[in-house]
2 protein chains.
Amino acid sequence: MSKDSRLARMAHVLVHMAFNDGAATSDTIARMLNTNPVVVRRTMAGLRDRGYVASEKGPRGGWRLTRPLENLTLLDVHQALETASVFTIGPSDGHVACAVERMANRAITGALNRASAALEAALGQVRLSDILAEGQALRAAMDQGRPHQCPNAVAAQ
Amino acid sequence: MSKDSRLARMAHVLVHMAFNDGAATSDTIARMLNTNPVVVRRTMAGLRDRGYVASEKGPRGGWRLTRPLENLTLLDVHQALETASVFTIGPSDGHVACAVERMANRAITGALNRASAALEAALGQVRLSDILAEGQALRAAMDQGRPHQCPNAVAAQ
DNA sequence: CAGAATCGTAATAGCCAGAGTTACGTTTCA
DNA sequence: TGAAACGTAACTCTGGCTATTACGATTCTG
C-alpha cells in the first residue's frame, strides 16, 4: 500500500454507517476495510475528536454517526484526519542562506498553496450524501434497501 | 528531510547555472545543495533526457543549460523529474467489490485531479526567469553582477 | 599514452509516515 | 464476574527520496 487511503476508507465506512441501525464495531468496520480493528480505532479517533462520530465501550458499543451524511463533507473528514502533508513534494529544507533558493522555494510553495486550496475546495463540495447519490450500482442497492451492506464485510464473515 | 525537494533544488540550481560561464560540475552543484554529486547526477538525468540541460564528461565537463530561463517553467522541471505521485493521499487499494467504496474513491480521485490540474497550472505559470525577477535580495545580487554565486557552495569550498 | 577530471549507474542503508499486529488496560453491560 | 468493546503504546513492514560507496566509461591535457 503506497498511499494514505484514510480519507477514502473513512468516506466509505461513514456512508455505510449511516444505514446501520446499531453501532458499528471496530471489528465490523475492519472487515469492510480489509484491515484490523486497531487501525480503525486509530483512524476514527480524529473523527471522534471533532464530534463527527461517537464511540461507546462495552457490549453493544461501537461507533455511530452523530449527524446526517448531508452535513459532512470530504473536507470535514480530511481535516479530521490531520494529514501531515497532502503533497509529496515541497521546498528545500533547512536554513536557506541563498537568495535564489529562497525565491525558488517561495515560488514552489505558492504553487502548492494554490493546489491545496483547489483540493480543499473540491473536497468541500462533496457531501458524503453525494457519494450515495451518484452511481447506478448504488441506486440499485438503495432500491433494495441495503446500501449498508458492504460486500467486503459479508465475504469475510 | 521529509519531502521530495528535487523540484526546489533543480529550480535553484538551474537559475545559478544560467549565470555560470562554463559548465557546472556535479560536485559544484552538490555543494550548492548540501549533498553529493551522485544525487545531482541522478536528479539531473531527467532534465538531460528532456534536453533542458546537457552533460559533458571529462575535464572541463559538467552541466550546461541548453536554453534561457525564460523558456523553462517550473512545470517543465517538475515533469522532467517524473515524480511518482504528487499526493500523499489517494483512493483505497485493490479490487474494490463495494459500490460505496468505488463511489468514494471516484469522488476523491476527482478532487485530486482538480488539485493536480491547479498545481500544474500554477507551476506552468512560473518561468525560471521569474524566480530571479522577484525579490529584493536577488535584485541586489544581480546589480552586483553575481547572481550565480551560491553562498552554500562558497561556504563549503 | 598516462592520468586526472567527470559523468553514468548499480547497490546499500537511512528516514518518514501510514499500515498492520500484538499486547494490555479500561469501560460497560448482562 | 466475564465477555464485549474501545484506547493506546510499541513494534515491524513498506515505498519513495536521499545519502554514500564503489566502479566503469569518457575525455581532455601534458
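Labels below follow one simple rule: chain letters A, B, ... track the order of the sequence lines, proteins then strands, and each chain is numbered from 1.
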| query | Between B:Lys57 (NZ) and D:dG24 (P), how many Å, whole number? | reply | 14 Å
| Atom-pair distance (CG on A:Asp93; C1' on D:dC17), nearest Å | 12 Å
| query | Using a cut-off of less than 4.0 Å, is there contact between a side-chain N or O of A:Arg48 and OP1 or OP2 of D:dT8? | reply | yes
| message | Is it the case that the side chain of B:Thr28 and the backbone of B:Ala24 share a donor-acceptor pair, with hydrogens and angles ignored and the cut-off at 3.5 Å? | response | no
| Check: A:Ser85 main-chain N/O paired with A:Thr83 side-chain donor or acceptor under 3.5 Å | no
| Side chain B:Thr88, main chain A:Val86, donor-acceptor under 3.5 Å | yes
| remark: 5'-most contact on DNA chain D (nearest-nucleotide basis), B:Ser85 vs B:Glu56, goes to B:Ser85
| note | When A:Val15, A:Leu33, A:Val40 are each screened for side chain to side chain contact (heavy atoms under 4.5 Å, CB included) with A:Met10, the one that passes is A:Leu33
| message | For the backbone of A:Leu81 and the side chain of A:Arg50, can you confirm whether one donor and one acceptor N or O come within less than 3.5 Å of each other? | response | no
| task | Examine distances only and state if a side-chain atom of B:Asn105 and a backbone atom of B:Pro91 form a donor-acceptor pair shorter than 3.5 Å. | result | no
| request: Would you kindly give the CD-to-P distance between A:Glu82 and C:dA17, to the nearest whole Å? | output: 14 Å
| request: Report the distance from atom OH of B:Tyr52 to atom CG of B:Leu72, rounding to the nearest 0.5 Å. | output: 6.5 Å
| task | Report yes if a side-chain nitrogen or oxygen of A:Ser55 is closer than 4.0 Å to either non-bridging phosphate oxygen (OP1 or OP2) of D:dG7; otherwise report no. | result | yes
| task | Would you please enumerate the stems DNA chain C participates in, each stem being three or more consecutive Watson-Crick or G-U wobble pairs with both distances under 3.5 Å? | result | C:1-30 with D:1-30
| Would a 4.5 Å heavy-atom cut-off, applied to side chains only, mark A:Arg114 and B:Gln125 as touching? | yes
| request: Verify the contact: side-chain N or O of B:Arg9 to OP1 or OP2 of D:dA19, cut-off strictly under 4.0 Å; return yes or no. | output: yes
| query | Is any side-chain N or O of B:Thr88 closer than 4.0 Å to OP1 or OP2 of C:dA17? | reply | no
| query | Once you round it to whole Å, what is the distance between C1' of D:dG16 and NZ of B:Lys3? | reply | 14 Å
| Approximate separation, where rounding is to 0.5 Å, of A:His16 NE2 and A:Leu132 CG | 9.0 Å
| said: Please report the distance, rounded to the nearest Å, between CG in B:Asp4 and P in D:dA19. | reply: 11 Å
| message | What is the separation between atom CG on B:Leu7 and atom P on D:dT18, rounded to the nearest whole Å? | response | 11 Å
| C:dA19 phosphate, OP1 or OP2: any side-chain N/O from A:Ser5 under 4.0 angstrom? | yes
| query | A:Trp63 CH2 to C:dT28 C1': how many Å, rounded? | reply | 16 Å
| request: Check each residue of residues 35-43 of chain B for a non-hydrogen atom within less than 4.0 Å of any atom in DNA chain C, then write out the ones that pass by number, or none. | output: B:Val38, B:Arg41, B:Arg42
| For atom CZ of B:Arg6 and atom C1' of D:dG16, their distance in whole Å | 9 Å
| remark: DNA chain D nearest-nucleotide lookup for A:Ala45 and A:Arg60: closer to the 5′ end is A:Arg60
| Is there side-chain contact between B:Arg67 and B:Asn71, with heavy atoms separated by less than 4.5 Å? | yes
